[in-house]
Asker: 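Dropping the structure in here first, questions after.
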Amino acid sequence: MHFSKDFENIYIKYSDKIYRYVYLNTNDPYLAEDITSETFLRIWKKWKHIKQDFMQALLYKTAKNIIIDNYRKHGNAKKVSLEEIVEKGLEPSYDEDLIEKITSNDNIKKVNEAIKLLPQNLREVVILRFINDLTARQVGQILDTTEVNIRVLQFRALKKLREIIKNE
Amino acid sequence: MNDLNLKELTEELKIEGALEKEAEDLVIFSKNLSNLYAFERSDEFKNKFLEQELLTKNKFFGSRQMFATAFLSLVLLLGVTSVVGAQGSLPGQPLYPIKIASENIASFINPSFKDEILQRRSEEIKQLSGKKDGDTFHNTVNEYEKELNENKAISPKKIEESKKNLEEAKINSLDEHKEDIERVIIKTETRQGEVKGDEDRKISPEENNREINKESEYHPGF
């Protein structure tokens with residue numbers, strides 16, 4: 001089985017979504033890239049034992065765990081997991097053009113700040129459901145809750161976010 | 001989100017209590033949100049990660065396999081070398097326990113190897129007889145006697161070779177070892193006599209049949 005080709009396809013398909021998810025949770029485009037790399041490295045390590053059916057949910061959950069670990073280790077200092085990546089023999093690299101585009105966009109900055117003010121559960125729903133275009137069911141799988149609950153939360157999340165942006 | 005999904009979202013929001021206008025506004029808001037963050041990292045960047053990542057992984061696997069193979073080969077080589085090297089060792093030398101262990105394994109697998117062990121002990125007596133290590137020599141003689149007593153199916157050829165070794169040992173030995181050697185030579189000769197007697201008493205199958213026929217002639221009723 002040529003599993004590295006399958007892995008490549010998964011990376012191409014999901015890495016931008018994971019990057020956006022991490023970026024909006026950390027507000028740091030460099031840290032987002034490091035955590036995205038770390039997420040895929042962890043998946044690649046266990047690749048032979050992973051069921052492909054829930055790949056998307058697994059990627060988001062892995063990324064979320066790394067964000068939490070990183071926060072616990074370094075708090076708000078936003079220290080990157082760069083050392084771990086370098087230890088694995090990888091040379092960290094960043095899409096500088098994209099980072100420049102993101103960091104210089106005032107609308108993105110403004111919405112980033114607004115998203116940061118949302119409660120954790122609403123923030124997750126906004127990112128996954130409306131920014132990464134996942135279905136309510138997929139979001140439910142990632143957040144370990146029901147599709148119905150996501151539909152309730154999505155209404156509240158949109159209202160709240162719009163209100164924050166209006167008041168800024 | 002495509003138009004169909006936006007329509008579904010409008011309905012979902014209305015079910016949750018949003019008014020018609022509010023639901024439509026929120027859907028437009030969500031669409032703008034999606035467009036604002038629709039950025040992607042370049043293909044070139046992604047390919048660079050994949051090339052680096054997979055290359056590193058393969059390197060890791062390659063080096064790990066290579067290390068494991070080299071390590072196992074080294075262990076095997078050391079094992080074989082020490083077992084082979086140990087076969088020429090004498091009592092009191094560092095490799096001697098390996099020699100004894102390999103003999104135990106060999107005689108467990110092939111019981112006839114026990115004859116070889118007796119001859120080996122006699123060989124050791126011969127080599128130690130000229131050396132001034134009384135305890136080691138004495139222990140070796142004891143081990144020889146133990147083998148001589150315990151091996152019930154000893155072959156005449158091996159016992160003869162062992163006796164020859166002991167006689168050579170006696171010629172070259174220090175005076176302090178002579179008494180021990182003479183004692184085991186006598187024991188070996190006694191054992192040799194027993195073995196010879198056993199051999200003589202052995203009847204071939206043809207002879208055995210002849211004996212039975214003779215018996216039948218004397219007792220036709222049987």
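All figures in this text were calculated on a predicted structure; none of them were measured in a lab. In what follows, chains carry the letters A, B, and so on, assigned in the order in which the sequence lines appear, proteins first and then strands, with residues in each chain numbered from 1.
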Asker: Are the side chains of D95(A) and E44(B) in touch, meaning some heavy atoms are under 4.5 Å apart?
Answerer: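 A side-chain contact is absent here, since even the closest heavy-atom pair is not under 4.5 Å.
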Asker: Please report the closest heavy-atom contact between Y19(A) and R41(B), naming both atoms and the distance.
Answerer: CG-CD, 3.5 Å
Asker: With a 4.5 Å limit on heavy-atom distance, are the side chains of L161(A) and L33(B) in contact?
Answerer: yes
Asker: Under 4.5 Å between any side-chain heavy atoms of E22(B) and F155(A), yes or no?
Answerer: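 Yes - at least one pair of side-chain heavy atoms lies under 4.5 Å apart.
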Asker: Would you indicate whether D135(B), at its atom CG, is surrounded by more than 12 heavy atoms from other residues, nucleotides or ligands within a distance under 6.0 Å?
Answerer: no
Asker: Should we count NZ of K163(B) as having more than 12 external heavy atoms under 6.0 Å?
Answerer: yes
Asker: In the structure I gave you, are the side-chain heavy atoms of E40(B) and L98(A) within less than 4.5 Å of one another anywhere?
Answerer: no
Asker: Does any non-hydrogen side-chain atom of L50(B) lie less than 4.5 Å from one of F7(A)?
Answerer: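 Counting from C-beta outward, F7(A) and L50(B) do come under 4.5 Å.
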Asker: Closest heavy-atom contact between F130(A) and S34(B)?
Answerer: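 Closest approach of F130(A) to S34(B), heavy atoms only: O-CB, 3.2 Å.
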Asker: Under 4.5 Å from any heavy atom of chain A, what part of F29(B) do you find: side chain, backbone, both or neither?
Answerer: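 Only the side chain of F29(B) comes within 4.5 Å of chain A.
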Asker: Quick check: are there more than 12 heavy atoms from other residues, nucleotides or ligands sitting under 6.0 Å from NZ of K146(B)?
Answerer: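 Check fails, neighbour count at 12 or below.
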Asker: Where does the angle between the aromatic ring planes of F49(B) and Y11(A) fall among parallel (under 30°), tilted (30 to 60°) and perpendicular (over 60°)?
Answerer: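 Parallel: the ring planes of F49(B) and Y11(A) meet at under 30°.
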Asker: Is the number of heavy atoms from other residues, nucleotides or ligands under 6.0 Å of R137(A) CZ greater than 12?
Answerer: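 Not buried by this count: 12 neighbours or fewer within 6.0 Å.
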Asker: Tell me if the NZ atom of K46(B) is crowded by more than 12 foreign heavy atoms within 6.0 Å.
Answerer: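 Enclosed.
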Asker: Heavy-atom cut-off 4.5 Å, strictly under: side chain, backbone, both or neither for L153(A) against chain B?
Answerer: neither
Asker: Is any side-chain heavy atom of R156(A) less than 4.5 Å from a side-chain heavy atom of E16(B)?
Answerer: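 Not in contact.
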Asker: Do N5(B) and T135(A) have side chains that approach each other closer than 4.5 Å (heavy atoms only, starting at C-beta)?
Answerer: no
Asker: So among N112(A), N132(A), D133(A), which one has a side chain to side chain donor-acceptor pair (under 3.5 Å) with Y37(B)?
Answerer: N112(A)
Asker: To the nearest 0.5 Å, tell me how far L26(B) CG sits from Q154(A) CD.
Answerer: 10.0 Å
Asker: Starting at CZ of F45(B), measure out to CG of D16(A) and round the result to the nearest 0.5 Å.
Answerer: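 Atom-to-atom, F45(B):CZ and D16(A):CG are 9.5 Å apart.
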Asker: For atom NZ of K114(B), decide whether the heavy atoms of other residues, nucleotides or ligands shown that lie under 6.0 angstrom number more than 12.
Answerer: no
Asker: Please examine the side chains of R151(A) and L13(B), heavy atoms only from C-beta on, and report whether any two atoms are closer than 4.5 Å.
Answerer: no
Asker: Select one option (side chain, backbone, both, neither) describing which atoms of K17(A) are under 4.5 Å from chain B's heavy atoms.
Answerer: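 Answer is neither: K17(A) stays 4.5 Å or more from chain B.
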Asker: For K61(A), is the NZ atom crowded, meaning more than 12 foreign heavy atoms sit under 6.0 Å from it?
Answerer: yes
Asker: Is chain A contacted by the side chain of D25(B), its backbone, both, or neither, given a heavy-atom distance below 4.5 Å?
Answerer: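 For D25(B), backbone and side chain are both near chain A.
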Asker: At a heavy-atom separation under 4.5 Å, does A38(B) approach chain A through its side chain, its backbone, both, or neither?
Answerer: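 The answer is the backbone of A38(B).
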